[in-house]
S.K.: 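Dropping a structure here in structure tokens format, bear with me for questions.
Just so we're on the same page: letters track the sequence lines, and every chain starts at 1.
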Amino acid sequence: MAAASMMPIFSQNVSSKSDLVPDWTRQEVSTGTTIMAVEYDGGVVVGADSRTTTGAYIANRVTDKLTRIHDRIYCCRSGSAADTQAIAEVVSYQLGFHSIELDEPPLVETAAHLFRASCYRYREELMAGILVAGWDRRKGGQVYCVPIGGMLVRQPVSVGGSGSSYIYGYMDSNYKPGLSKDQCLDLTAKALALAMERDGSSGGVVRLATISEKGVERRVLLGDQLPKFSTH
Amino acid sequence: MEKHFTDSRVKGVSTGTTILAAVFDGGVVIGSDSRASIGGDYVSSKAINKLIQVHDRIFCCIAGSLADAQAVTKTAKFQLSFHSIQMENPPLVIAAASVLKELCYNNKDELQAGFITAGWDKKKGPQVYVVSLGGMLISQPVTIAGSGSTYIYGYVDAKYKVNMTREECLQFATNALALAMGRDNVSGGVVNLVVITEAGVEHIVIPGDKLPTFSDE
């Protein structure tokens with residue numbers, strides 16, 4: 001990841017190993033992150049933190065990792081920021097074209113398969129973990145997980161990114177099938193807040209979106225609005 | 001992602017593991033899973049005891065290389081009993097934790113083991129100390145360690161409250177260990193719990209089929 005490079009400073013060639021060149025200039029931009037998506041009867045809730053890092057420097061502290069792919073299909077991005085942005089753009093284009101051909105809103109499953117096709121074909125070059133979530137008329141709210149390597153699996157609830165390890169236990173114990181929309185929003189906000197507290201690569205604000213037949217509702221939870229847990 | 005104890009640097013048998021300890025109103029609960037594995041591929045023992053009694057009311061639980069942990073706890077147990085005879089009093093929990101810390105810190109290059117020490121003493125009541133890999137020693141009301149602990153940080157942060165009752169704390173510990181064992185492939189087996197209070201020490205074993213299940217199981 002850290003490629004040795006020479007950076008000219010004041011017409012002297014300074015090796016990138018020296019102290020004059022900051023560490024973060026050598027690191028790839030990564031969305032070390034926490035992302036989550038939950039299905040409910042009638043739609044999905046997606047959420048993400050907002051931190052993008054290059055090494056130890058936070059390049060963007062208000063990132064939007066919830067990317068629109070189509071009117072009622074969003075994806076949550078984790079891994080290399082460049083890779084996931086590029087893939088999302090490609091899939092957006094492919095899906096838009098497909099939807100015009102079909103003369104119908106596209107299926108979430110189609111979007112997920114398009115993500116998987118790109119992630120699997122270029123698996124050696126890419127570092128991208130993506131959650132695809134949305135609503136369509138055929139199957140309602142759906143969440144598909146496309147982790148690094150290019151697997152595709154549908155799950156009622158899924159978490160991803162570096163911060164996700166810390167909230168598996170919380171998610172397993174608090175998710176039940178049949179939650180309402182507000183319960184899903186609450187679960188997602190709390191889980192993301194817990195992960196952001198423990199993972200150095202996740203932080204900032206919590207971005208939430210609800211996708212249903214009616215459309216997309218977006219919300220941001222700022223620092224003082226984040227759920228708090230007893231400090232010990 | 002956090003490095004597990006299951007990578008190739010670990011020597012031989014490792015307790016890829018989940019251990020925790022929590023203070024409640026009147027005592028501490030210390031608990032662990034019971035799996036020992038070699039490199040994360042083979043379970044060398046399904047039911048080992050990771051809760052070592054180093055004195056009457058002081059237990060410690062081990063994570064990391066099993067050989068290192070056993071050697072360190074054996075030495076610590078000896079030093080502590082000697083110390084207790086010299087002082088003519090049961091040792092303080094912090095004394096036990098410090099003995100482990102000295103061993104870990106002074107031999108940090110050779111050893112690969114971390115400990116949680118929990119117990120009860122007359123001076124400060126129930127306490128929990130954690131000695132990490134490099135030999136840091138800190139006191140916390142609740143602490144988790146081992147490869148499986150990463151998965152339950154969120155759960156522990158959300159669920160632990162100070163001054164719980166004994167039953168609440170036991171349920172909390174059981175749930176936390178069950179959740180970690182459900183996600184970490186090198187933690188598993190049975191749940192071993194020890195409750196330490198002024199009155200004494202109680203062992204509880206929860207076999208796999210009696211563990212709490214969650215909605216996806």
S.K.: Can you confirm whether B:N49 is buried at CG, in the sense that more than 12 heavy atoms of other residues, nucleotides or ligands lie under 6.0 Å from that atom?
M.R.: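 Check passes, neighbour count above 12.
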S.K.: Atom CD1 in B:I152, atom OG in A:S173: separation rounded to 0.5 Å?
M.R.: 10.5 Å
S.K.: Got a second to check how far B:K159's NZ is from A:F229's CZ, nearest 0.5 Å?
M.R.: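 One finds 9.5 Å between NZ of B:K159 and CZ of A:F229.
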S.K.: More than 12 heavy atoms of other residues, nucleotides or ligands under 6.0 Å from CZ of A:R218: is that the case?
M.R.: yes
S.K.: Drop me the distance from A:E197's CD to B:D157's CG, to the nearest 0.5 angstrom.
M.R.: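 A:E197 atom CD to B:D157 atom CG measures 6.5 Å (nearest 0.5 Å).
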S.K.: How long is the gap from CZ on B:F214 to CG on A:N174, to the nearest 0.5 Å?
M.R.: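 Answer for the CZ-CG pair, B:F214 versus A:N174, is 9.5 Å.
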S.K.: Enter the distance from B:Y155:OH to A:D172:CG here, rounded to the nearest 0.5 Å.
M.R.: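 So the gap between those two atoms works out to 11.0 Å.
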S.K.: Apply side chain to side chain contact (heavy atoms under 4.5 Å, CB included) to B:L179 and A:Y168, showing your working.
M.R.: CA-CA 8 Å; B:L179 287 165; A:Y168 275 109; over 6 Å; no
S.K.: Applying ring-ring contact (aromatic ring centres under 6.0 Å, His included), run through A:Y166 and B:Y153 and close with a yes or a no.
M.R.: CA-CA 5 Å; A:Y166 304 108; B:Y153 271 105; 5.6 Å; yes
